[in-house]
There are 2 protein chains.
Amino acid sequence: MSLASPSDTLFCTVDVVLLTLRDQTLHVLLHRRDREPHADAWALPGGFIHTAEDASTWDAAARVLADKTGITSPYLAQLATWSGPGRDPRGWSVSVVYYALVPAHIVPTEHDRLHLCAVAHLPELPFDHAHIVAEAVQRVRTKSVYSSLPVYLCGETFTLPELQAVYEAVLGEPINKVSFRRKVEELAMLEPVPGERQAGGAHRPAQLWRLRPEVRAAWALSLSERGLNSRG
Amino acid sequence: MSLASPSDTLFCTVDVVLLTLRDQTLHVLLHRRDREPHADAWALPGGFIHTAEDASTWDAAARVLADKTGITSPYLAQLATWSGPGRDPRGWSVSVVYYALVPAHIVPTEHDRLHLCAVAHLPELPFDHAHIVAEAVQRVRTKSVYSSLPVYLCGETFTLPELQAVYEAVLGEPINKVSFRRKVEELAMLEPVPGERQAGGAHRPAQLWRLRPEVRAAWALSLSERGLNSRG
DNA sequence: CCAATAGTGTCTCTGAGACACTATACC
DNA sequence: GGTATAGTGTCTCAGAGACACTATTGG
């Protein structure tokens with residue numbers, strides 16, 4: 001059977017907003033474009049969907065991120081979809097955008113085509129990428145108020161003072177220590193790691209914590225749950 | 001210039017989850033499909049993007065909704081995008097899904113190809129439409145907790161007891177009257193209409209309220225703000 | 001005056017923040 | 001013992017719900 005309205009001269013891509021914390025500030029990973037349009041400009045890593053390899057736009061985003069930056073992000077979620085005839089000079093385009101949160105240490109060393117940039121001091125970005133980054137930052141801030149999202153900005157294990165600093169960096173305001181610990185406890189998403197950690201200085205060491213395995217599992221499940229990964 | 005990875009045998013559609021309240025229950029508008037696949041099955045109204053007429057997927061969703069149901073919804077927002085090789089038998093597909101909220105009285109009389117169905121008692125739906133509806137309902141419930149979303153399920157004007165009943169229907173639980181009124185007041189989104197309304201019975205009539213014009217304006221603005229409507 | 005619903009005043013109780021305290025490391 | 005940071009006990013205050021009251025209509 002043939003499509004009623006065959007490919008109406010439209011193309012479909014994915015883009016990834018990868019956010020991380022550096023010097024207590026949100027940074028976004030930019031990639032220098034290989035091709036026209038806007039060749040050699042800093043932009044969000046993105047690319048076409050490969051229908052032969054990708055089982056969803058989520059897969060496409062993960063593949064594009066890995067190909068262009070070498071990163072596999074433990075957290076990669078859909079942000080929204082942008083579209084229109086004018087956003088890309090090549091024609092009517094649809095871009096399904098994902099956002100990733102990673103600890104700074106897994107971002108590879110920057111080089112000529114890879115750059116971490118503070119979200120507050122972005123250069124001119126091509127297409128509508130500036131809007132997209134702004135929306136991603138807003139989403140992360142909003143979700144951080146009531147969820148454990150920022151733990152994905154930490155490494156595998158972390159102390160509560162570290163985690164609190166991460167929350168404060170994301171939200172841009174100080175948090176009450178007691179309230180923070182109460183909140184963490186009631187969310188019940190963390191578990192203590194048997195070991196401890198010495199801060200560099202001369203003081204009591206802090207307990208190490210990690211995300212409870214069920215939580216990571218639940219998050220992975222929520223992907224496949226929604227219709228066998230068809231929700232890309 | 002040519003596309004690096006030209007249209008990789010993939011097609012892009014929009015679907016609309018139109019929700020309304022009937023008998024104090026959330027209902028979704030289903031449309032009997034005109035064509036294969038799943039011809040004559042009840043499904044979400046949807047269709048292809050027409051790059052010649054649509055300036056965004058938002059425009060496409062509004063057009064599809066108007067064409068198939070005759071409805072122009074005051075609230076139409078992006079839900080998410082579904083994708084994959086298996087969700088539509090015609091091949092690798094991307095569907096950008098929108099959700100609409102309307103008062104029941106603007107839904108046209110049901111006929112052979114148009115049907116309002118309680119979200120709790122959906123028939124078998126083709127594609128991944130059952131998942132999509134579930135996600136839309138969840139989104140509306142979540143947003144209703146902290147926003148004025150449910151006012152779009154009311155008509156132009158309404159009484160506070162009516163609005164409270166709408167909130168209760170959406171959230172599925174009773175709300176404290178005093179707290180509800182405090183909340184409405186602090187959100188500052190409503191204004192009283194000079195007139196009053198008699199309930200059918202013998203009792204004190206209730207004040208009529210409406211959404212403040214600035215709020216409707218702000219909502220319209222938030223569309224165009226994000227990059228000249230490029231966020232479809 | 002009665003019934004029925006609209007709308008408000010106020011008490012209580014829960015939860016978040018402020019503050020001060022204790023705990024434990026290195027020097 | 002001093003200092004610095006981790007972690008906790010408790011007081012206070014603000015906001016949400018419960019309840020009871022007043023207001024206003026038709027009968």
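Per chain, numbering begins at 1; letters A, B, ... match sequence-line order. We use all heavy atoms of the structure for the numbers below, so side chains are in, but hydrogens, waters and symmetry mates are not.
- A tilted orientation is assigned to the rings of B:Tyr152 and B:Tyr75, their planes being inclined by 30° to 60°.
- One N or O on the side chain of A:Arg139 and one on the backbone of A:Leu79 form a donor-acceptor pair closer than 3.5 Å.
- Between the base of D:dA6 and the side chain of A:Arg204 there is a donor-acceptor pair shorter than 3.5 Å.
- DNA chain C is contacted by A:Asn176, A:Val178, A:Ser179, A:Arg182 of residues 175-183 of chain A, taking any non-hydrogen atom closer than 4.0 Å.
- Evaluation of the salt bridge (Lys or Arg N to Asp or Glu O under 4.0 Å) test over residues 162-171 of chain A, restricted to residues two or more places apart or in two chains, returns A:Glu162-A:Arg197.
- In this structure, B:Arg210 does not pair ionically with B:Glu156, as no charged nitrogen and carboxylate oxygen lie closer than 4.0 Å.
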Could you list the protein-to-nucleotides 12-14 of chain D atom pairs, N/O on both sides, closer than 3.5 Å?
none

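- Side chain of A:His27 to backbone of A:Thr25: a donor-acceptor contact under 3.5 angstrom is found.
- Put simply, CD on A:Glu185 is 15 Å from C1' on D:dA6, counting in whole angstrom units.
- Shortest non-hydrogen contact noted between B:Pro108 and B:Leu114 is CG-CD2, 3.7 Å.
- In terms of the side-chain contact (heavy atoms from CB on, under 4.5 Å) criterion, residue partners of B:His121 (sequence neighbours excluded) are, by chain and number, B:Ala118.
- Remark: A:Trp209 pairs with no residue by the ring-ring contact (aromatic ring centres under 6.0 Å, His included) rule, at least two apart or across chains.
- Taking 4.0 Å as the cut-off between side-chain N and carboxylate O, B:Arg22 and B:Glu110 count as a salt-bridged pair.
- For the pair A:Glu186 CD and C:dG17 P, the interatomic distance rounds to 11 Å; values are reported in whole Å.
- Side-chain atoms of B:Tyr98 and B:Ser73 form no donor-acceptor pair, as typed in the model, at a separation below 3.5 Å.
- For the segment residues 156-167 of chain A, no residue has any heavy atom less than 4.0 angstrom from an atom of DNA chain C.
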